[in-house]
Protein chains: 2
Amino acid sequence: MPAQPASGAAPRTPLNRERVLQAAVSLADANGIESLTMRKLGEAVGVEAMSLYNHVANKVDLLDGMIDVVFSEIELPSDDDGWKTAMRRRAVAARAALSRHRWAIGLMESRTSPGPATLRHHDAVIGCLRNAGFSFELAAHAYAALDSYIYGFALQERGLPFDSPEETSALAQAMVAQFPVDEYPHLAAFTFEHVLQPGYDFGKEFEFGLDLILDGLERAFGAG
Amino acid sequence: MPAQPASGAAPRTPLNRERVLQAAVSLADANGIESLTMRKLGEAVGVEAMSLYNHVANKVDLLDGMIDVVFSEIELPSDDDGWKTAMRRRAVAARAALSRHRWAIGLMESRTSPGPATLRHHDAVIGCLRNAGFSFELAAHAYAALDSYIYGFALQERGLPFDSPEETSALAQAMVAQFPVDEYPHLAAFTFEHVLQPGYDFGKEFEFGLDLILDGLERAFGAG
DNA sequence: ACCGTACGCTTACGGTGTAAGGTGGGCCGC
DNA sequence: GCGGCCCACCTTACACCGTAAGCGTACGGT
């Protein structure tokens, strides 16, 4: 007695990889990656867990696909503006995507076997730098430096307990109250006199480091 | 019939948290974090899985403890040399530790509730910058930028399929042969003419970006 | 009309973290 | 000397995980 009782004729759109991936991304966004299981994902798309294997090879394939979805959301750099503003915009867009999908950065380990959107992204970035006149070597330096920074920042940002600066501040206060202040004097002073000060927002730090790297690259480009 | 048959009198050292953590680190180093299970860890220290719960609260507590072990291996920055060389040495040491324990960077998500070695580390870094004359704000900028870069680089490095540049190169060749070269021309050119060239080693990129950031910080410090 | 294939289902297995409760030896106060 | 407690260890059990294997049915092509 599967499907329909002869008369009804349901929508009959038979599910595909893309819908599975989108559902997985939504589920991970909402409940965290650790609670994304094949059974719950199946339930979300109205199917038993095992049926998902008609559209993904296994769970790591699913995760690979999800990462590719994230990359597909990052706007590609254009050659029209200079390399510097193109790289800056790409970095900001990448951080935004990784911040929308906090689970993504933790999945970068399975980054072996990149998807098409991921490859297209890398291709566009390298193309932008090369067209601007970067040597292969300097392009490699630049790409490694920028991506390391972006990924690392996303990693630290994800480590923050809560989303808004206010929540984080409240929780930082509770945390700092737990440990012996006199054992970590600099850390305590830093927390009280800077982090817990109104207006502090870790997210704001992103642009400082980004511009540090971009300016350094500009100098290296000019010198080379 | 537990323990000893009356006469023997075994060593009778009853296991403690530290031995559990050390064994967990060794196991993760050897076989990867995903194969570190409570049962295998128990077996490694000669105990049933459930007995481990006398020394760790649960698995995330175990993972927190393992991260603290990693931090404890990173030499603290000293105030004797200038801040720049101190920060440089710390960065190199941190990368080395994260590279020795490739599983660690993927655990930074559970970085809530830092252990004592982690706190001591943060305290020493902030202290070094403050003693050198950094304002709280610039110290925050500097710390965020450096740590983002270090963590992100470790993340990318861990993504590499194998350890030695030669192995990676061989595998990159196999990977690049799989995808349509004409769809990703810049990526293909970059791979063939730079990455697959003899002597290329992604690990070397670390120092370039690191010095970019340190030089930028020095300039910002001088200007402020 | 037929058949192959794609897509869904059910069942089952080994492995996971850990809650609950039992057992025995070492150490304390009497 | 000895009763009792505590604590490290054990066994058992449970819910949940990814997924192998196999089965039925609906649909598109010939």
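These figures come from a predicted structure and were not determined experimentally. Throughout, a chain's letter reflects where its sequence line sits, starting with A, and its residues are numbered from 1.
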Exercise. Think B/Arg95 forms a cation-pi with B/Phe206, using NZ or CZ under 6.0 Å from the six-ring centre and within 45 degrees of its axis?
Worked result: yes
Exercise. So which nucleotide from D/dC9, D/dT19, C/dG8 ends up closest to the side chain of B/Asn54?
Worked result: D/dC9
For this session: Using the ring of A/Phe136 (Phe, Tyr or Trp, six-membered ring only), decide whether A/Arg130 places NZ or CZ under 6.0 Å from its centre and within 45 degrees of its axis.
Result: yes
Exercise. Between A/His55 and C/dA6, is there a side-chain N or O to OP1/OP2 distance below 4.0 Å?
Worked result: no
Exercise. Within this structure, what is the NZ-to-P distance between A/Lys59 and D/dT19, rounded to whole angstrom?
Worked result: 8 Å
Problem set entry | Test side chain to side chain donor-acceptor pair (under 3.5 Å) applied to A/Asp29 - qualifying residues, sequence neighbours left out | A/His101, A/Trp103
For this session: From the options D/dT19, C/dG8, C/dT18, select the nucleotide whose nearest atom is closest to the side chain of A/Pro14.
Result: C/dG8
Problem set entry | Gap between atoms CG and P, on A/Leu36 and D/dC16 respectively (whole Å) | 16 Å
Seminar exercise, completed: Contact check, residues 38-50 of chain B vs DNA chain D, heavy-atom distance under 4.0 Å, returns B/Val47, B/Glu48, B/Met50
Seminar exercise, completed: Testing C/dG17, D/dC10, C/dG8 for proximity to the side chain of B/Ser51, the answer is D/dC10
Problem set entry | Taking every non-hydrogen atom, the tightest pair across A/Val181 and A/Ala188 | CG1-CB, 3.6 Å
Exercise. Can a salt bridge be assigned to the pair B/Arg88 and B/Glu207 using a cut-off of 4.0 Å between side-chain N and carboxylate O?
Worked result: yes
Exercise. If we ignore angles and hydrogens, is there a donor and acceptor under 3.5 Å between the side chains of A/Arg90 and A/His121?
Worked result: yes
Problem set entry | Length of the line joining A/Tyr53:OH and D/dA20:P, which is rounded to integer Å | 7 Å
Exercise. Hey, does the side chain of B/Asn54 reach the backbone of B/Ser51 with a donor-acceptor pair shorter than 3.5 angstrom?
Worked result: yes
Exercise. Over how many whole Å does the gap from A/Asn16 atom CG to C/dC7 atom P extend?
Worked result: 9 Å
Problem set entry | Within-4.5 Å side-chain heavy-atom neighbours: B/Pro185 and A/Asp123 | yes
Problem set entry | Neighbour count above 12 (heavy atom, 6.0 Å) for B/Glu43 CD | no
Might you list the N or O atoms of the protein lying below 3.5 Å from N or O atoms in nucleotides 4-6 of chain D, with each pair's distance?
none

Problem set entry | Rounded interatomic separation in angstrom, taking CD1 from A/Ile33 and P from D/dC17 | 14 Å
For this session: Would you mind reading off the distance between B/Arg19 atom CZ and D/dA8 atom C1', rounded to a whole angstrom?
Result: 12 Å
